[in-house]
There are 2 protein chains.
Amino acid sequence: MTRNDEDPVGAGALDRVTWALRRAELAVQTLKEQRLRPLGLAASHYTLLISVHSEPGLTGAELARRLNVTPQAVASLVARLESRGQVERREHPRHRHVQELHLTDAGRAMLREADAVIAGIELQITGALGPKGSAQLRDVLDQVADVAREA
Amino acid sequence: MTRNDEDPVGAGALDRVTWALRRAELAVQTLKEQRLRPLGLAASHYTLLISVHSEPGLTGAELARRLNVTPQAVASLVARLESRGQVERREHPRHRHVQELHLTDAGRAMLREADAVIAGIELQITGALGPKGSAQLRDVLDQVADVAREA
DNA sequence: TCATGGCTATCAAGCGTTTGACAGCTGACC
DNA sequence: GGTCAGCTGTCAAACGCTTGATAGCCATGA
């Protein structure tokens with residue numbers, strides 16, 4: 001009674017790839033949030049820290065594009081992390097009122113801890129999938145992202 | 001300069017499976033939102049409609065657990081869809097102040113349209129991956145979700 | 001030289017969600 | 001029969017993000 005074969009609506013909707021994708025991402029994100037909480041860090045904070053770490057000197061607007069959020073959202077996160085002394089805003093050499101983002105020593109230390117947590121989660125997943133399966137999954141996911149983006 | 005091989009923090013962080021998962025899910029979700037907008041429907045609305053369709057008589061609290069959100073969020077969505085006449089709240093036979101959720105005819109019609117859109121997106125992805133690759137991806141994603149959930 | 005376009009950051013308002021707390025009802029255990 | 005745990009739904013407040021609009025600065029071209 002939970003399935004109506006005469007009605008094409010939702011036929012196999014729960015078996016769709018996009019549905020499985022949503023469930024997996026949600027579960028992983030929830031796990032990250034749980035494990036990061038003891039450090040006093042939200043997943044979005046970690047994302048910002050590692051983004052700034054991998055591309056120092058990023059501006060707020062550019063970072064917003066990387067993370068697919070609005071500049072205001074980034075500004076809000078930066079303000080919080082700055083008040084904790086984990087991120088600092090420096091003046092851009094050319095554009096005066098543009099601010100480059102950099103990690104402080106405290107920020108790097110925090111990132112080190114947080115990244116260990118995330119790496120642990122990654123290890124759990126890759127451990128279950130095997131190195132070959134993991135690499136394959138990564139490639140397929142990138143393919144999915146490309147298809148969705150240019151569709 | 002964007003990569004510091006001496007510092008283990010974030011080594012290959014951008015190549016992680018969980019990162020690729022996030023990117024893919026974000027791209028797909030964004031695409032859904034774009035394609036659903038012309039119908040005047042948000043992705044969360046569609047999710048609620050198809051959930052109620054596949055399991056009629058669901059209560060708000062139970063639906064909240066299915067979707068990994070709070071009961072208030074569900075109540076908010078239901079209130080909106082109810083005001084549009086797409087969902088109705090019936091009294092539970094046993095528990096009087098518990099409400100079962102059901103789709104109206106208008107709701108089913110809307111779902112039919114929306115589901116065609118989603119099915120189209122699914123087809124684009126499975127088309128790029130092939131039937132075998134799609135099924136395989138689905139299985140691996142479910143495996144990832146399981147690992148993350150019971151970790 | 002000056003004007004225009006494009007980028008930056010920021011303010012204000014609105015929406016949706018979560019968190020915390022509450023009251024009502026049912027079912028099971030004592 | 002009475003009590004307590006567990007569920008339901010709802011209210012109030014706080015948080016985070018988006019949308020819309022504004023101001024400042026640099027670069028290109030007339």
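In what follows, every chain begins at residue 1, and chains take the letters A, B, ... in the order their sequences are listed. Bear in mind the structure is a predicted one, so any value in this text is a computation, not a measurement.
Atom-to-atom, CZ of B:R94 to P of D:dG9 comes out at 16 Å; the value is rounded to the nearest Å. Nucleotide D:dC15 holds its P atom 19 Å from the CD atom of A:Q72, rounded to whole Å. One can place NE2 of A:H97 at 9 Å from P of D:dC26, the figure rounded to the nearest angstrom. Straight-line distance from the CG atom of A:L81 to the P atom of D:dG16: 12 Å, rounded to whole Å.
Rounding to the nearest 0.5 Å places CD1 of A:I50 at 8.0 Å from CD1 of A:I118.
A salt bridge is absent between A:R108 and A:D115: the closest approach of a Lys/Arg side-chain nitrogen to an acidic carboxylate oxygen does not fall below 4.0 angstrom. Using a cutoff of 4.0 Å between basic side-chain nitrogens and carboxylate oxygens, A:R23 and B:D142 are scored as salt-bridged. By the 4.0 Å N-to-carboxylate-O rule, B:R84 lies too far from B:E82 to be salt-bridged with it.
Not a single donor-acceptor pair under 3.5 Å links the side chain of A:R16 to the backbone N or O of B:E122. Not one N or O on the side chain of A:Q99 forms a donor-acceptor pair closer than 3.5 Å with the backbone of A:R90.
For DNA chain C, the contact window with chain B, defined by any atom under 4.0 Å from a protein heavy atom, covers C:dG16 to C:dG27 in 5' to 3' order.
Remark: A:R80 is not in phosphate contact with D:dC15, judged by side-chain N or O atoms under 4.0 Å from OP1 or OP2.
At a threshold of 4.0 angstrom between heavy atoms, the contacts of B:H95 are confined to the sugar-phosphate backbone, with no base atom among them. Using a 4.0 Å heavy-atom criterion, one finds that A:T59 contacts the sugar-phosphate atoms exclusively.
Comparing B:A75 and A:S76 by the nucleotide of DNA chain D whose heavy atom lies nearest to each, the residue mapping closer to the 5' end is B:A75. Residue-to-nucleotide proximity on DNA chain D shows that, of A:R96 and A:P71, the 5′-proximal contact is made by A:P71.
Counting only heavy atoms from C-beta on, A:L77 has its side chain closest to D:dC17 among D:dG9, D:dC17, D:dT19.
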